Amino acid sequence: MRPFLSVEGLVGKTVAIAMSGGVDSSVAAALLLEQGYHVIGVTMRLWSGCSGAASSNPDVVAQAGHVAAQLNIPFHAFELREDFRHRVVDPFCREYLAGRTPNPCVVCNKYLKFGRLLELAGRLGADYLATGHYAAITRSGAYWQVQKAVDRNKDQSYFLFALNQQQLEKCLFPLGRLTKQAVRAIAAKQNLVVAEKSESQDICFIPDGDYAGFLQTQCRIDAAGGDIVHVSGRVLGRHPGAYHYTVGQRKGLGIGWTEPLYVVAIDAPKRQVIVGERQWLDRRDLTVAGCSWNIPTPMQAFACNCRIRYRHTEVPVMVEPLGSDRAEVTFADPQQGVTPGQAAVFYQQDRVIGGGWIE
RNA sequence: UGGGGCGUCGCCAAGCGGUAAGGCACCGGAUUUUGAUUCCGGCAUCCGCAGGUUCGAAUCCUGCCGCCCCAG
């Protein structure tokens, strides 16, 4: 186990804390100080809020710097807009164009936060990079693994599945053993300026939640509409662009039917959104690609639990490796809302052992 | 222009003389570091139109309008 509260092990250790100006990362910073680490505040400038909507959002860098000043720790902001655009935003747009539903947070964690930022923090002399994620890190044999947070309601282990051993060995998650309530209490007790901030929002680079508008203006996505087609083949309506939809979605179809209709599939080339009654969402299995493992790379089928989206309660599955990079996942019971582009994350007890991207 | 059926919220649909169910859609809110889902709340003073019968009609009668089907 990594030293957590034993001061002896911490002497001289430097931790960079990724600060967002929010409650969680601010409290994490305060806790690290309390635990005796030498703490450096760092943050990333990822997206210029130049478009109208985003500019109304408080400046993350300024907020983070404000908190760092209050805690009296050094603070560094890194210019990472280029990397963010190429590693996160562009792929995000490409996924939507392909009729898939991306999860930019996972990608950002792997390449920006625990990629570029971790690297830059190391240059500042940091031994670890800490974040305000609700997750824990643990050692299992020769492997570092992400562990679910004690506050199961806030658990963010799902977003961290893609981190490799080199990244995990540098991680600290000071909030993993705390509840959100406790974190807020600490923020209040320390009089942190962010104590009363509300919970976070949508995709960080689309603060107003209008991701369709974002795709149109920032990614110049082709806004051509198409048919909404029932699984029976009957055309039920028109849509303004398939990228407005995601598999499993119910709201926004605008179709009066005898039952609720859900998006069952998206056929990007044909510009069709396929809809059907709820039972059409049931899937017995799925295939994941781009797998990463925090266990010895599996060579044969094994049982574990799986989450197919954030906040999904994991369900029992059989995982059958298809080479080292892909795998076939079979559910014990059919699941609804298997969405291409989302991550399937594998758990063993409360630990993340790997995951991949749903094809 | 012979016969039969039907017209209730944007869609589907209960009601059959006692003063407009429900589902879908939509809107609002809760939940949420992805997109969703889910949950809670709202949503026809009015039943194709016009008359009539009745204490009282969406429900009965008459006429008109509009659909659909079967016939030649």
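Chain letters run A, B, ... following the sequence lines, proteins first and then strands; every chain starts at 1. Not measured: the values here are computed from a predicted model.
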Does any N or O donor sit under 3.5 Å from an N or O acceptor when you compare the side chain of A/Thr339 with the base of B/G35?
yes
For B/U38 and A/Tyr262 - does any side-chain N or O of the residue sit under 4.0 Å from the phosphate oxygens OP1/OP2?
yes
Would you say A/Arg307 reaches B/U37's phosphate, i.e. side-chain N/O to OP1/OP2 under 4.0 Å?
no
Of all the heavy-atom pairs spanning A/Glu359 and A/Ala289, show the shortest one and how long it is.
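What the structure gives for the nearest pair is OE2-CB, 3.4 Å.
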Contact class for [X] vs. all strands (heavy atom < 4.0 Å): base, sugar-phosphate, or nothing?
X	answer
A/Val247	base
A/Gln342	base
A/Tyr211	sugar-phosphate
A/His312	nothing
A/Gly252	sugar-phosphate
A/Gly248	sugar-phosphate
A/Pro260	sugar-phosphate
A/Arg100	nothing

Quick check on the 6.0 Å ring-centre criterion: do A/Phe205 and A/Phe84 meet it?
yes
Does the ring center of A/Tyr211 lie less than 6.0 Å from the ring center of A/Tyr96?
yes
Show me the dot-bracket string of RNA chain B, counting Watson-Crick or G-U pairs under 3.5 Å, with | for pairs to another strand and [ ] for crossing ones.
.(((((((.[[[..)..(...]]].(((((.......))))).....[[[[[..)....]]]]]))))))..
The side chain of [X] is closest to which nucleotide in this list: [options]?
X	options	result
A/Pro104	B/U32, B/U34, B/A25	B/U34
A/Tyr96	B/U37, B/G35, B/U34	B/G35
A/Thr246	B/G35, B/U34, B/C26	B/G35
A/Arg250	B/C24, B/U32, B/U34	B/C24
A/Arg278	B/U32, B/U38, B/U34	B/U38
A/Ile203	B/A36, B/U34, B/C24	B/U34

Say you pick atom [atom1] in [N] and the same atom in [M]; how far apart are they, in whole Å?
N	M	atom1	result
B/G42	B/A25	C1'	14 Å
B/C12	B/C6	C1'	15 Å
B/C65	B/C55	P	32 Å

Apply the ring pair (Phe, Tyr, Trp, His ring centres under 6.0 Å) test between A/Phe161 and each candidate in A/Phe346, A/Trp293, A/Tyr347, A/Trp357; give the one that qualifies.
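Among the candidates, only A/Trp357 passes.
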Against A/Asp155, only a single residue in A/Arg307, A/Lys148, A/Gln147 fulfils side chain to side chain donor-acceptor pair (under 3.5 Å); can you say which?
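When A/Arg307, A/Lys148, A/Gln147 are each tested with A/Asp155, the side chain to side chain donor-acceptor pair (under 3.5 Å) holds only for A/Arg307.
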Can A/Arg87 be said to sit on top of A/Tyr111's aromatic six-ring, NZ or CZ under 6.0 Å from centre and within 45° of the ring axis?
yes
